[in-house]
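A quick write-up on the structure given underneath.
None of these values were measured; they are calculated from a predicted model.
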Amino acid sequence: MLQLIRYLQGYLAIKVVGFSPERFMNLCSNHHLFLWDIVNHGDYYTMNISLKNFYKLKGFTRKTGTRVVITQRYGLPFLSVRMWRRKIFIAGLVGSLLFWLWMAGFIWAVEVEGNFFITTDMFQDFLVENGIRTGMNKKEVDIEKLEEAIRTKFDIVTWTSAKIEGTKLLIQVRENDLIQMEAGNADAAETEQGMDLTANKDGVVVSMVTRSGVPLVHIGDEVKKGDILVEGAVPIYQDDGTVKRYEYCVADADIMLQCVYSLKEEIMEKHEEKHFTGKEKKQFFIIFGTKEIKMPLLGKKFDQCDMIEEKKQLKIFRNYYLPVYIGSNQYREYKVEEQIYTKEQVKVLFEEKLQKFIETLQEKGVQIVEKNVTIKKASGKWKMNADFLAQELTGQNTKTGIMQIEIPQQEEVPEEDGT
């Protein structure tokens, strides 16, 4: 902090020579003129003194028979003098400052946080429809209106917050609470109406544990997609064995179904492959707003090449984004050659496809029990047929079709008086 104050006030590096430099320093000390970084060089001393105190040394030099020589000037006062001599530089500096202050009044970046079910692309389209874009004036952004529009457009959004930080518009949303609330309300409504558990795939029942509802299938039964596995209407019987009424519930059971999955894939025996030559070229560019300026490429362009683009938006500090992007396009030359797959290569390619298919099934909770894979070549094509014997949990809730029965009340016959 002391060094900063000295820099702002300005100070001098001086050399003191003459008859009695020690007496000169004592006089400065007695008159509270601070000297620092004093170095004895034998014939002379060097030291630093503030610009303000330097002008008070005239009488001290006469009394002590010394002479003071300025060796270096430091600080803002001397910098300002040099700057004012360069009027064009000063004008450019002031112009730049005014330009950045003007740029700070616009939105140059829009960021959305907390969205899961609503994709970023959907949100970007929504913002464009509502006039929110990069390059718009901050005064044109109505925060309250934007928040209300988000809640109106997206039903699953329960909370939203929009704020401007620097030149960035930050939109935060929350989605999950509404989904849970709607699910809870749906469960309550379903319990009142009754929900059956139906099969969502063809197969054979291999295990079954029922928690609520009336099971209609048993282990070993073959079911079709849409068949009712467990009814959500529990009958209440009368003494004569007839149904008096139904108690509705949401049918719930763990039913393991054995089913078959199939996968068919084809690969052309002849194919084109890219062979990179190792030659690369990089083209730098800068984007200012909507205008893109590219540096010229050296040499001839490649006839066939891949391009990899990298770009970065410039910003000052954390949230002061600018409408400026810098980046580069990297071009990699390649030659296309026709190749023929060998049997070993085909096996590797099919194995990759097979593994991805199995991983997809396993992510859904499907257990592979047995698999049968055949690979053959016909008419210039390699073909793979794979059948999987698998087991998986089945069952989805659908509204029950059993309606509450109404038992007619019998009229009471009055007893006749026998007297």
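- Counting heavy atoms of neighbouring residues, nucleotides and ligands inside a 6.0 Å radius, atom CD of E272 does not exceed 12 of them.
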request  = Starting from the C-alpha separation in whole Å, work towards a yes-or-no answer on side chain to side chain donor-acceptor pair (under 3.5 Å) for T398 and D196.
outcome  = CA-CA 5 Å; T398 56; D196 295 337; 5.2 Å; no
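- Under the 3.5 Å distance criterion, the side-chain polar atoms of T167 are left unmatched by any main-chain donor or acceptor of A104.
- Between E280 and Q330, the side chains place a donor N or O and an acceptor N or O closer than 3.5 Å (distance only, hydrogens not considered).
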request  = In sequence, state the C-alpha distance, the side-chain angles, and the governing distance for E273 and Q339, and then conclude on side chain to side chain donor-acceptor pair (under 3.5 Å).
outcome  = CA-CA 7 Å; E273 286 187 2; Q339 300 287 338; 4.7 Å; no
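- Ring planes of F154 and F126: perpendicular class, angle over 60° (limits at 30 and 60°).
- Tested against F285 for a side chain to side chain contact (heavy atoms under 4.5 Å, CB included), the candidates I293, N329, I326 yield a single pass: N329.
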task = Check the pair E269, K377 against salt bridge (charged side-chain N to carboxylate O under 4.0 Å, His left out), reporting the backbone distance first and the verdict last.
result = CA-CA 8 Å; E269 182 182 22; K377 184 174 68 171; 3.3 Å; yes
task = Evaluate the side-chain contact (heavy atoms from CB on, under 4.5 Å) criterion for residues I375 and K383: first the C-alpha distance (whole Å), next the side-chain angles of each, then the deciding distance (0.1 Å), finally the verdict.
result = CA-CA 6 Å; I375 299 176; K383 297 182 180 181; over 6 Å; no
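- Between E111 and K168 there is a salt bridge, since a side-chain N of the basic residue sits under 4.0 Å from a carboxylate O of the acidic one.
- For the pair K201 and Y261, the cation-pi criterion (under 6.0 Å, within 45° of the ring axis) is fulfilled.
- Side chain to side chain, S212 and D252 fail the donor-acceptor criterion of an N or O pair below 3.5 Å.
- Side-chain contact check for D387 and N372: no donor-acceptor pair (N or O, by modelled atom type) lies under 3.5 Å.
- Remark: E310 CD is loosely packed, at most 12 non-hydrogen atoms of other residues, nucleotides or ligands lying under 6.0 Å away.
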message = W382 vs F350, test: ring pair (Phe, Tyr, Trp, His ring centres under 6.0 Å). Steps then yes/no.
response = CA-CA 9 Å; W382 287 96; F350 279 143; 7.7 Å; no
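- Using modelled atom types, one finds a donor on one side chain and an acceptor on the other under 3.5 Å when comparing Y45 with N40.
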task = Give the C-alpha distance, both sets of side-chain angles, the deciding distance and a yes or no for side-chain contact (heavy atoms from CB on, under 4.5 Å) between L393 and M256.
result = CA-CA 5 Å; L393 286 173; M256 189 67 74; 4.1 Å; yes
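- Residue H218 qualifies as open at atom NE2: its count of foreign heavy atoms under 6.0 Å is 12 or below.
- A donor-acceptor pair shorter than 3.5 Å can be found between the side chains of E333 and T277.
- Ring orientation note: the planes of W102 and F106 are nearly perpendicular, at an angle over 60° on the 30°/60° scale.
- The cationic group of K281 does not satisfy the cation-pi geometry with Y331, failing either the under 6.0 Å distance to the six-membered ring centre or the 45° limit from the ring axis.
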ask   = For F302 and Y334, what are the C-alpha separation, side-chain angles and deciding distance, and is it a ring pair (Phe, Tyr, Trp, His ring centres under 6.0 Å)?
value = CA-CA 9 Å; F302 299 134; Y334 64 82; 9.7 Å; no
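- For E359, the CD atom counts as densely surrounded, since its 6.0 Å shell holds more than 12 non-hydrogen atoms of other residues, nucleotides or ligands.
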Intermediate values then yes/no, side chain to side chain donor-acceptor pair (under 3.5 Å), T242 and D240 = CA-CA 6 Å; T242 58; D240 59 359; 2.7 Å; yes
